[in-house]
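Note sheet for the following structure.
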2 protein chains.
Amino acid sequence: MMIYKSISTQTLQRLPMYLNYLKSLPDNQILNISATTIAEALKFNDVQVRKDLAIISSGGRPKIGYITKNLIFDIEKFLGYDDADSAVIAGAGDLGRTLLSYDGFSKYGLDIIAAFDVREDIIGTTINGKKVLSSDKLKDLCGRMKVRIGIIAVPASEAQEICNSMVESGILAIWNFAPVNLNVPDSVLVQNEDMAFSLAKLSKSLSKKLCLN
Amino acid sequence: MMIYKSISTQTLQRLPMYLNYLKSLPDNQILNISATTIAEALKFNDVQVRKDLAIISSGGRPKIGYITKNLIFDIEKFLGYDDADSAVIAGAGDLGRTLLSYDGFSKYGLDIIAAFDVREDIIGTTINGKKVLSSDKLKDLCGRMKVRIGIIAVPASEAQEICNSMVESGILAIWNFAPVNLNVPDSVLVQNEDMAFSLAKLSKSLSKKLCLN
DNA sequence: TAGATTGTTAATCGATTAACAATC
DNA sequence: TAGATTGTTAATCGATTAACAATC
């Protein structure tokens with residue numbers, strides 16, 4: 001197993017952007033790419049790009065740059081896209097359905113094995129090939145299948161309860177789309193997917209821009 | 001108009017968390033709250049919380065803290081939740097529908113006035129009270145209504161084209177949910193909503209945690 | 001009064017950027 | 001060779017944390 005240097009959130013944030021950019025290049029036409037080119041395209045500092053790439057790749061060559069194909073492979077490998085984690089999702093409403101079909105999470109190394117909901121009319125249906133089961137079964141199934149990641153896409157009012165079931169079943173990380181502060185033991189990792197924050201960032205940048213113009 | 005000090009992305013990121021926490025407190029029972037309490041609940045440093053709050057509020061009182069009600073008001077005001085921006089959304093598929101109904105963006109100061117799609121069977125329907133119109137009409141409507149924010153929730157392959165229409169119509173900021181790098185003039189602000197990054201962060205933290213245990 | 005809390009100033013830490021030698 | 005590019009070391013910048021006086 002390859003050991004990586006420790007990585008900052010900032011770098012981790014940029015890696016998917018590099019990947020995205022590299023993949024947007026015309027297939028097989030750009031065999032080599034320089035950190036300078038990437039930096040210009042994404043409006044980053046070139047040394048920053050080089051430092052980021054140093055963490056995950058075996059390096060480029062002066063005057064030539066990096067081998068595009070290898071770089072894509074190395075970033076994907078670092079991000080764990082090659083080695084899927086299994087997950088379940090609670091809530092098969094609009095948001096849940098979106099997540100179940102959003103550009104195939106499997107591409108990103110996340111294998112959603114089932115969805116759970118409380119609504120009788122949804123239980124038993126299939127979304128994007130995944131069965132929707134009764135929420136009662138969550139604890140049992142996750143325990144047996146050793147699922148490590150739970151995704152919460154239920155209304156805010158039900159989020160804590162479903163979170164408790166997940167924690168009891170032994171889930172280690174929770175990706176929370178409900179706008180609530182979940183209470184979990186320290187051993188469980190929670191990542192809040194914060195629409196409110198994203199929107200705040202957008203509208204702040206916009207109003208700042210308008211002030212300057 | 002109140003003038004705020006300039007604010008870092010980090011602080012901006014935490015403000016919605018404070019708001020969320022404050023709103024989760026039992027109504028009218030906790031009249032005053034200290035930065036220390038907030039910091040403990042959210043696992044931040046207390047000085048950091050105090051500095052953040054100093055930017056947006058008129059201050060607390062030693063030994064007592066801040067007036068909860070006012071703090072909520074001040075954060076909402078700062079984030080612009082009181083003063084809605086109008087927006088349109090392109091793409092009324094699963095993702096678009098989720099966004100049209102996601103906990104009412106209106107609460108966050110975003111007023112989505114219409115959705116656009118190319119699919120004949122969806123055009124003319126109403127989602128959460130918003131009309132779905134033909135994408136052909138986007139440019140005209142946004143221009144006339146002086147819409148400033150466009151949300152892109154179409155498949156990656158169609159994103160650039162719809163983005164171009166938005167830019168031509170005079171939209172100033174684009175909230176992009178499609179996993180592509182959009183090409184826009186410098187005058188237009190793009191914020192990518194990056195599922196891939198969120199997922200990367202989650203799975204990296206998880207694997208780091210597992211290594212340590 | 002005593003002690004909790006605020007807000008500010010100074011110290012620390014970490015990320016970004018600049019400078020530059022090494023390489024192809 | 002000349003010049004573009006890498007990767008490293010040092011300088012800068014900004015955010016977080018520590019220390020502490022002021023206040024209720």
Side-chain angles (χ1 to χ4, degrees), chain A residues 4-18 21-22 25 30-72 74-75 78 197 200-201 204-205 208, chain B residues 4-18 21-22 25 30-72 74-75 78 197 200-201 204-205 208:
Chain A
Y4 297 107
K5 284 184 228 173
S6 79
I7 184 177
S8 71
T9 314
Q10 284 85 337
T11 296
L12 190 52
Q13 196 148 178
R14 286 186 295 264
L15 288 175
M17 303 188 206
Y18 301 145
Y21 170 72
L22 293 171
L25 299 173
I30 297 162
L31 297 179
N32 292 286
I33 190 144
S34 74
T36 318
T37 310
I38 299 176
E40 266 168 27
L42 299 176
K43 289 170 191 152
F44 293 146
N45 177 290
D46 63 323
V47 179
Q48 188 174 63
V49 174
R50 235 168 267 125
K51 284 206 167 166
D52 288 343
L53 297 184
I55 297 173
I56 53 101
S57 96
S58 51
R61 288 162 69 199
K63 180 134 180 180
I64 291 164
Y66 302 79
I67 300 169
T68 313
K69 192 164 55 67
N70 293 4
L71 205 49
I72 291 176
D74 289 340
I75 298 177
F78 180 83
F197 158 59
K201 208 165 65 172
K204 265 297 143 193
S205 323
K208 194 192 278 176
Chain B
Y4 296 106
K5 283 185 230 174
S6 78
I7 185 177
S8 71
T9 315
Q10 284 85 337
T11 296
L12 190 52
Q13 195 147 179
R14 286 186 296 264
L15 288 175
M17 303 188 205
Y18 301 146
Y21 169 72
L22 293 171
L25 298 173
I30 296 161
L31 297 179
N32 292 285
I33 191 145
S34 73
T36 319
T37 310
I38 298 176
E40 266 167 28
L42 299 176
K43 288 170 192 150
F44 293 146
N45 178 290
D46 62 324
V47 181
Q48 187 174 62
V49 174
R50 234 169 267 125
K51 284 205 167 165
D52 287 344
L53 297 184
I55 297 173
I56 54 101
S57 96
S58 50
R61 288 161 69 199
K63 182 133 179 176
I64 291 162
Y66 302 78
I67 300 169
T68 313
K69 189 164 57 66
N70 294 3
L71 206 48
I72 291 176
D74 289 340
I75 298 176
F78 180 82
F197 158 60
K201 209 166 64 171
K204 266 295 142 194
S205 322
K208 194 193 278 176

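Letters go in sequence order (proteins before strands), and every chain restarts at 1.
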Is the backbone of B:Ile7 close enough, under 3.5 Å, to the side chain of A:Lys204 for a donor and an acceptor to pair up by distance? no
Given atom CD1 of B:Ile64 and atom C1' of D:dA22, what is their separation to the nearest angstrom? 15 Å
For A:Leu22 and A:Thr68, the nearest pair of non-hydrogen atoms, with its separation, is CD2-CG2, 4.2 Å
Does any donor-acceptor pair link the side chain of A:Lys51 with the base of C:dT17 at a separation under 3.5 Å? yes
Check every atom of C:dA15, D:dC24, D:dA15 against the side chain of A:Gln10 and return the nucleotide holding the closest atom. C:dA15
Provide the closest heavy-atom pair for B:Lys201 versus A:Leu12 in the form atom of the first, atom of the second, distance. CA-CD2, 3.7 Å
Take atom CD of A:Gln48 and atom C1' of C:dG14, then tell me their distance rounded to the nearest Å. 13 Å
Rounded distance in Å - CD1 (B:Ile67) to P (C:dT5): 16 Å
Residue pair A:Thr9/A:Arg61 against DNA chain C: nearer the 5' end by closest nucleotide is A:Thr9
To the nearest Å, give me how far apart OH (B:Tyr66) and C1' (C:dA4) are. 14 Å
Going through the distances and angles, do B:Ile56 and B:Thr11 end up as a side-chain contact (heavy atoms from CB on, under 4.5 Å)? CA-CA 10 Å; B:Ile56 54 101; B:Thr11 296; over 6 Å; no
Does A:Arg50 reach a base, just sugar-phosphate, or nothing at all? Heavy atoms under 4.0 Å. base
Note, DNA chain C 5' to 3' with Watson-Crick or G-U pairs under 3.5 Å encoded as ( ), [ ], | and . gives ..||||||||||||||||||||||
Please report, rounded to the nearest Å, how far the C1' atom of C:dG7 is from the CG atom of B:Leu71. 15 Å
For B:Asn70 and C:dT6, give me the distance from atom CG to atom C1', rounded to whole Å. 16 Å
If you compare all heavy atoms of A:Gly59 against all heavy atoms of A:Ser57, which two are closest, and at what distance to 0.1 Å? N-OG, 2.9 Å
Whole-Å gap separating P (C:dT16) and CD1 (A:Ile55): 10 Å
Please state how far atom CD1 in B:Ile56 lies from atom C1' in C:dG7, giving the value in whole angstrom units. 15 Å
Side-chain N or O of B:Arg14 closer than 4.0 Å to phosphate OP1/OP2 of D:dT16: yes
Residues 33-45 of chain A, side-chain donor-acceptor partners within the protein, below 3.5 Å, at least two apart:
from: A:Ser34; atom 1: OG; to: A:Thr36; atom 2: N; distance (Å): 3.4
from: A:Ser34; atom 1: OG; to: A:Thr37; atom 2: N; distance (Å): 3.1
from: A:Ser34; atom 1: OG; to: A:Thr37; atom 2: OG1; distance (Å): 2.7
from: A:Thr36; atom 1: OG1; to: A:Arg50; atom 2: NH2; distance (Å): 3.4
from: A:Lys43; atom 1: NZ; to: B:Asp186; atom 2: OD1; distance (Å): 3.3
from: A:Asn45; atom 1: OD1; to: A:Val47; atom 2: N; distance (Å): 2.7
from: A:Asn45; atom 1: OD1; to: A:Gln48; atom 2: N; distance (Å): 3.3

Of residues 31-47 of chain A, the positions that come close to DNA chain D - non-hydrogen atoms, cut-off under 4.0 Å: A:Ser34, A:Ala35, A:Thr36, A:Val47
Where each residue is assigned the nucleotide of DNA chain D containing its nearest heavy atom, which of A:Lys63 and A:Gly59 is assigned the position nearer the 5′ end? A:Lys63
Using a cut-off of 6.0 Å, state whether more than 12 heavy atoms not belonging to B:Ile64 lie near its atom CD1. yes
Is a side-chain donor-acceptor pair under 3.5 Å present for A:Asn32 with A:Tyr66? no
DNA chain C nearest-nucleotide lookup for A:Pro62 and B:Gly65: closer to the 5′ end is B:Gly65
